[in-house]
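Below: the structure, in structure tokens.
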Amino acid sequence: MQIGNLYLVPNTLGSDNRVTQLPHVIPVENLRQIAKLKYWIVEDAKTSRAFLNAVHEIESLHHSLQDMVMQEWRGPDRKHALSLKPEELLAPLRAGHDMGLLSEAGVPGVADPGAEIVQVAHQWGAKVIPLVGPSSILLGLMASGLNGQFFRFNGYLPVDTAQRSKKLKELEETSRRHGETQIWIETPYRNSAMLQSCLDSLSAQTQLCLAIDLTLKSEWVWTGSIESWRKRYSKPDAISELVKNKPTIYLMLA
């Protein structure tokens, strides 16, 4: 039997007004393909069903949610990762069925688990099809006005304040030396501490951009020198109001 196709399915960057968001961030042709899929690898089955319910409002699902086969995968480094191996999760693919790999937000495999699944699909000779959708990293870079020719994504920075400050200075020096835009993310509830570390650790003329709640109604993007950030957000309350518990992309160019 011919092996199935693996579709890499993007998700909205937030769950608010998802039905309204979907046609703006995922092409309708891709929503039609998503609606056809029965077999899924997802991070969380409950939130994935909510996403597919929203898709159903635009493009009728070919299979009921009860009939869909959803297996959870959070990556090999996650504390609560299930014991199933990628080869086991992809069993329907080998049996000839198309499958979807769905992210919780944004696109699979980019600052998100999924690369291991894709590697196995390639090894088996399956066709891997990435569907167009929102990537907060690229959207943030586009909107920042910083160097989009040379950039580096650094994932999460250290949680410890001293280690985080040290890492920020290292990234600043790398940016200065190579002209690279440095990009990173943070867990939303630690955003206030991250922004404060940026203001405390980086040089006055270094450019910093925060891209917050991208694609949502509350979207906010601003780029300015650290000096201008310090003037605009000099009080902890102002920092907290801006970023606390909001998905944020950080971009810096020295």
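- If you check the side chains of T47 and E104, you find a donor sitting under 3.5 Å from an acceptor.
- Side-chain atoms of E43 and D112, non-hydrogen and from C-beta on, do get closer than 4.5 Å to each other.
- Under the 4.5 Å side-chain heavy-atom criterion for ILVMFWY residues, a single connected hydrophobic cluster contains both I34 and L22.
- With respect to the salt-bridge test (charged N to carboxylate O, under 4.0 angstrom), the residues K85 and E88 do not qualify.
- Annotation: side chain of S192 is in contact with side chain of S240 (closest heavy-atom distance under 4.5 Å).
- Taking all atoms of both residues into account, the shortest heavy-atom contact from Q207 to T223 is OE1-CG2, 3.8 Å.
- In this structure, the side chain of R164 does not engage the main chain of L157 through any donor-acceptor pair within 3.5 Å.
- Residues W40 and I129 fall within the same hydrophobic cluster, defined by Ile, Leu, Val, Met, Phe, Trp and Tyr side chains chained together at heavy-atom separations under 4.5 Å.
- Under a 3.5 Å cut-off, the side chain of Q21 and the backbone N or O of G14 do form a donor-acceptor pair.
- Under the 4.5 Å side-chain criterion, counting only non-hydrogen atoms from C-beta, V9 is in contact with F51.
- Between R94 and L90 the shortest side-chain heavy-atom distance does not fall below 4.5 Å.
- Residues meeting the salt bridge (charged side-chain N to carboxylate O under 4.0 Å, His left out) test with R18, sequence neighbours left out: none.
- For the pair E29 and R32, the salt-bridge criterion is met [side-chain N within less than 4.0 Å of a carboxylate O].
- Counting only heavy atoms from C-beta outward, the side chains of V25 and L13 never approach each other to under 4.5 Å.
- Closest non-hydrogen pair, E72 versus L89, comes out as O-CD2, 4.2 Å.
- In this structure the side chain of I117 reaches within 4.5 angstrom of the side chain of L6, judged on heavy atoms.
- Looking at C198 and L168, their side chains come closer than 4.5 Å, going by heavy atoms from C-beta outward.
- For the residue pair M70 and A45, the shortest heavy atom distance occurs at SD-O, 4.0 Å.
- A side-chain N or O of S203 and one of E172 form a donor-acceptor pair less than 3.5 Å apart.
- Residues V221 and L214 are in side-chain contact: their nearest non-hydrogen atoms beyond the backbone lie under 4.5 Å apart.
- Shown are F153, F151, Y250, Y156; of these, the ring-ring contact (aromatic ring centres under 6.0 Å, His included) with W184 is made only by Y250.
- Residues S103 and N11 share a closest heavy-atom pair of O-ND2, 3.0 Å.
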